[in-house]
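Notes follow once the structure below has been shown.
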Amino acid sequence: MAGLRPGSPLPESITVHEQSRALEVRFSDGASFRIPFELMRVYSPSAEVQGHGPGQEVLQTGKRHVTLLGLEPVGNYAIKPTFSDGHDSGIFSWDLLYELGRNEAALWAEYESRLQAGGIDRDTPMPGKKGHGCGGH
């Protein structure tokens, strides 16, 4: 998980846009990003998504229409969203939110490439929806 690096821009405002399903974050360096909920969900830093080590990432699908049910602060360094599909274990540091916003186009391209390599599309339902944990790894 991305930590808080010294000198990193800090959020000055965070706005949830429910209709457009995006999180708007304005940072202290003047940058402002509207990060789609789907992108946040697909790149969640949780073990459920990232796995427990390199090569164990779980490709997320069926998240196009995911919404936020809640957003909790985590100390002074992050937020923890609760998504409409039940996922609530990702902690998004300010650095990670900045990276998601700054690299949105590249991240979408990477995601679409991974989908294509798997022979699926972003609306394919996730297989074996048996809870929201790590699956007993």
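The figures here come from the full heavy-atom set of this structure, side chains too, leaving out hydrogens, waters and symmetry mates.
Between the Trp94 side chain and the Asn76 main chain, a donor and an acceptor come within less than 3.5 Å of each other. Here the side chain of Ser84 pairs a donor or acceptor atom with the backbone of Thr67 at under 3.5 angstrom. Judged by distance alone, with hydrogens and angles left aside, the side-chain atoms of Tyr111 form a donor-acceptor pair with the main-chain N or O of Gln60 at under 3.5 Å. The closest donor-acceptor contact from the side chain of Tyr43 to the backbone of Leu107 lies under 3.5 Å.
Within the structure, no pair that satisfies the salt bridge (Lys or Arg N to Asp or Glu O under 4.0 Å) test touches residues 109-118, not counting sequence neighbours. Judged as a salt bridge (Lys or Arg N to Asp or Glu O under 4.0 Å), the pairs with a partner in residues 35-45 (not counting sequence neighbours) are, in order, Glu38-Arg122, Arg41-Glu48, Arg41-Asp85. Residue pairs meeting the salt bridge (Lys or Arg N to Asp or Glu O under 4.0 Å) criterion with at least one member in residues 25-35, sequence neighbours excluded: Glu24-Arg26, Glu24-Arg34.
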Should Val25 and Leu100 be marked as a side chain to side chain contact (heavy atoms under 4.5 Å, CB included) after you check the CA-CA gap, both sets of side-chain angles, and the distance that decides it? CA-CA 11 Å; Val25 186; Leu100 288 173; over 6 Å; no
If you apply the rule side chain to side chain contact (heavy atoms under 4.5 Å, CB included), what do you find for Phe92 with Met40, and how did you get there? CA-CA 9 Å; Phe92 291 75; Met40 290 176 64; 4.0 Å; yes
Verdict with reasoning, Asp88 to Glu72, per side chain to side chain contact (heavy atoms under 4.5 Å, CB included): CA-CA 10 Å; Asp88 65 356; Glu72 297 176 40; over 6 Å; no
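Looking only at side-chain heavy atoms (C-beta outward), Asp121 and Leu115 stay at 4.5 Å or farther from each other. Two residues are said to be in side-chain contact when any heavy atoms from C-beta on lie closer than 4.5 Å; Pro45 and Leu96 meet this criterion. A heavy-atom distance below 4.5 Å is not found between the side chains of Phe37 and Pro81.
When hydrophobic clusters are built by joining Ile, Leu, Val, Met, Phe, Trp and Tyr residues whose side-chain heavy atoms come closer than 4.5 Å, directly or via intermediates, Val74 is not grouped with Val49. Residues Ile14 and Leu10 are members of one and the same hydrophobic cluster, defined by side-chain heavy-atom contacts under 4.5 angstrom among Ile, Leu, Val, Met, Phe, Trp and Tyr. Using a 4.5 Å cut-off between side-chain heavy atoms of Ile, Leu, Val, Met, Phe, Trp and Tyr, with links allowed through other members, Phe27 and Val16 fall into the same hydrophobic cluster.
For Thr15, the side-chain hydrogen bond (donor to acceptor under 3.5 Å, both in side chains) test picks out no residue, with sequence neighbours left out. Under the side-chain contact (heavy atoms from CB on, under 4.5 Å) criterion, Gln50 pairs with Glu57, sequence neighbours left out. For the side-chain hydrogen bond (donor to acceptor under 3.5 Å, both in side chains) test, no residue two or more places apart in sequence or in another chain qualifies with Ser28.
Here the straight-line distance linking atom CG of Leu59 with atom CE of Met126 works out to 7.5 Å at 0.5 Å rounding. Taking CG of Leu97 as the reference point, atom CD1 of Ile79 lies at 4.5 Å (rounded to 0.5 Å). Within the model, atoms CG of Leu68 and NE2 of His17 stand 11.5 Å from one another, a figure rounded to the nearest 0.5 Å.
Shortest non-hydrogen contact noted between His87 and Ser46 is CE1-OG, 3.0 Å. The shortest non-hydrogen separation linking Ser8 to Asp95 is OG-OD1, 2.7 Å. Looking at every heavy atom in both residues, Arg64 comes nearest to Arg21 through O-NE, 3.5 Å.
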